[in-house]
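Okay, so here's the structure we're looking at.
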Number of protein chains: 2
Amino acid sequence: MNAQFKRGIIELCVLSLLIEEDMYGYLIINKLSQHINVNENTIYPILRRLTKEGYFETYLKESREGPSRKYYKMTDKGFKHYLRLRDEWDSFIGGVYHIINQGGKKHEEILERFARRTEETESDGS
Amino acid sequence: MNAQFKRGIIELCVLSLLIEEDMYGYLIINKLSQHINVNENTIYPILRRLTKEGYFETYLKESREGPSRKYYKMTDKGFKHYLRLRDEWDSFIGGVYHIINQGGKKHEEILERFARRTEETESDGS
DNA sequence: AAATAGTATTGTGTAACGGAAGGTAGTGTG
DNA sequence: CACACTACCTTCCGTTACACAATACTATTT
């Protein structure tokens, strides 16, 4: 998996989860892992950074299944940050879709195009 | 604009364009710029890197409007690379969509959810 | 001759993902 | 009791790729 893809997007994913409800790191990691491949060493630093920037507040809560959990709670500032980031993401992704699907073409058509070009090149003997 | 979003994706965009036809750097930059915000200093290094990795071949061609253009032509190896990257991208993005749209919920519902939570917190006086 | 547009390159700073390692707090088992 | 195991959190460091900045060359226009 291309690690580069994840840059910046994981932050948006974390923010998305915390809109719904307060969560602790370990749970966030598990939730994300159901859909994308994430690493704890990626998530914890993001949580700390976003907390430091005032997007989350934290509190400890005991658990019956292990050590105390550090819960993250989204602040209003965090919510605004989410809205901004989400906006940027949607518009960026819109642009990307346009490019990689060449304005609505089906993926198969695009693939065919390469095959056809290759044939042309081979038959013109250059 | 969050520069991090672009990581890795610009490479996919460049590859996508070159499936269709050979292009020179300056044109690629212009094409991409119609949809996303890109910087020449980002594109040229990508082109050089992908060439070095055998995904593109290059040739010079004179132009009437300025200096000679360096055209990039996708190789079979480059095409395979595209297919692989595109696959990874599609599956990664699928996961991301699931997370940020919380399994199909409309964006508005998600936003409402935060508003409701905020009210609850305010009225329970903690 | 100077300005402008077209075209390409290189150097450096910076942010964030991931591998590796380490650490604490509980639970369970023999 | 000792040990293993899971739940949970942290720090360090390498690597990768985007962006700012600066440079440079060619051709056209003024």
Side-chain angles (χ1 to χ4, degrees), chain A residues 1-15 22-33 36-53 55-56 58-72 81 85 88-89 92 95-96 99, chain B residues 1-15 22-33 36-53 55-56 58-72 81 85 88-89 92 95-96 99:
Chain A
M1 173 61 203
N2 189 326
Q4 302 303 326
F5 285 159
K6 302 181 187 164
R7 298 260 181 165
I9 308 177
I10 295 190
E11 175 175 333
L12 182 59
C13 289
V14 168
L15 286 161
D22 302 353
M23 286 186 199
Y24 52 100
Y26 195 76
L27 178 61
I28 292 172
I29 291 162
N30 285 334
K31 289 233 175 203
L32 294 179
S33 296
I36 59 180
N37 200 299
V38 284
N39 193 298
E40 42 170 347
N41 314 310
T42 303
I43 304 304
Y44 286 119
I46 287 177
L47 289 171
R48 257 176 282 126
R49 197 185 83 234
L50 295 181
T51 303
K52 196 174 154 202
E53 288 170 0
Y55 300 146
F56 300 147
T58 65
Y59 56 90
L60 285 175
K61 201 159 143 187
E62 284 184 21
S63 146
R64 255 150 288 130
E65 292 126 72
S68 286
R69 292 160 170 169
K70 193 193 233 174
Y71 278 80
Y72 292 84
H81 178 60
L85 209 60
E88 283 184 8
W89 173 249
F92 173 64
V96 168
I99 294 166
Chain B
M1 173 61 201
N2 189 327
Q4 301 303 326
F5 284 158
K6 301 181 188 166
R7 295 262 180 162
I9 307 177
I10 295 189
E11 175 174 334
L12 182 60
C13 290
V14 168
L15 286 160
D22 301 354
M23 288 187 199
Y24 54 99
Y26 195 78
L27 178 62
I28 292 173
I29 292 161
N30 286 333
K31 289 235 176 203
L32 293 179
S33 296
I36 59 180
N37 199 299
V38 284
N39 194 299
E40 45 169 345
N41 313 310
T42 302
I43 304 304
Y44 286 120
I46 288 177
L47 289 170
R48 258 176 281 127
R49 196 186 81 235
L50 295 181
T51 303
K52 196 173 155 201
E53 287 169 0
Y55 300 146
F56 299 146
T58 64
Y59 56 92
L60 285 175
K61 201 161 144 188
E62 284 184 26
S63 146
R64 256 149 288 127
E65 291 124 73
S68 287
R69 295 158 168 170
K70 193 191 234 174
Y71 277 78
Y72 293 84
H81 179 60
L85 209 59
E88 285 183 6
W89 172 249
F92 173 63
V96 169
I99 294 165

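Proteins get letters first, then strands, A, B, ... in listed order; numbering begins at 1 in each. Quick caveat, the model's predicted, so the values are computed rather than measured.
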By the 4.0 Å heavy-atom rule, please label A/E40 as base, sugar-phosphate, or nothing.
base
Return the value, rounded to whole Å, for the distance between atom CD1 of A/I9 and atom P of C/dC17.
9 Å
Would you indicate what A/R49 reaches in the nucleic acid, counting non-hydrogen atoms under 4.0 angstrom: base, sugar-phosphate, or nothing?
sugar-phosphate
5'-most contact on DNA chain D (nearest-nucleotide basis), A/Q4 vs A/Y24, goes to A/Y24
Decide yes or no for B/V96 and A/W89: does some side-chain heavy atom of the first lie under 4.5 Å from some side-chain heavy atom of the second?
yes
Given atom CG of A/N30 and atom C1' of D/dA7, what is their separation to the nearest angstrom?
10 Å
Under a 3.5 Å distance rule, please check whether B/K6 uses its side chain to pair with a backbone N or O of B/N37 as donor and acceptor.
yes
Length of the CG-P vector between B/N39 and D/dA19, whole Å:
6 Å
Which of these passes ring-ring contact (aromatic ring centres under 6.0 Å, His included) with A/Y71: A/Y26, A/F56, A/Y59?
A/Y59
Looking at B/R7 and D/dT16, is any side-chain donor or acceptor paired with a base atom of the opposite kind under 3.5 Å?
yes
Could you list the protein-to-nucleotides 28-30 of chain D atom pairs, N/O on both sides, closer than 3.5 Å?
unit_1	atom_1	unit_2	atom_2	d
D/dT28	OP1	B/R64	O	2.9

Regarding A/I29, tell me which of base, sugar-phosphate or nothing describes its non-hydrogen contacts under 4.0 Å with the strands shown.
nothing
B/V38 and side-chain contact (heavy atoms from CB on, under 4.5 Å): which single residue from B/I28, B/I46, B/N30, B/I10 fits?
B/I10
Relative to the 5' end of DNA chain C, which residue comes earlier, A/V38 or A/S68, by the nucleotide with the nearest heavy atom?
A/V38
Between A/P45 and B/N41, whichever has its closest DNA chain C nucleotide further toward 5' is B/N41
On the nucleotide D/dT10, are OP1 or OP2 found under 4.0 Å from the side-chain N or O atoms that A/Y44 carries?
no
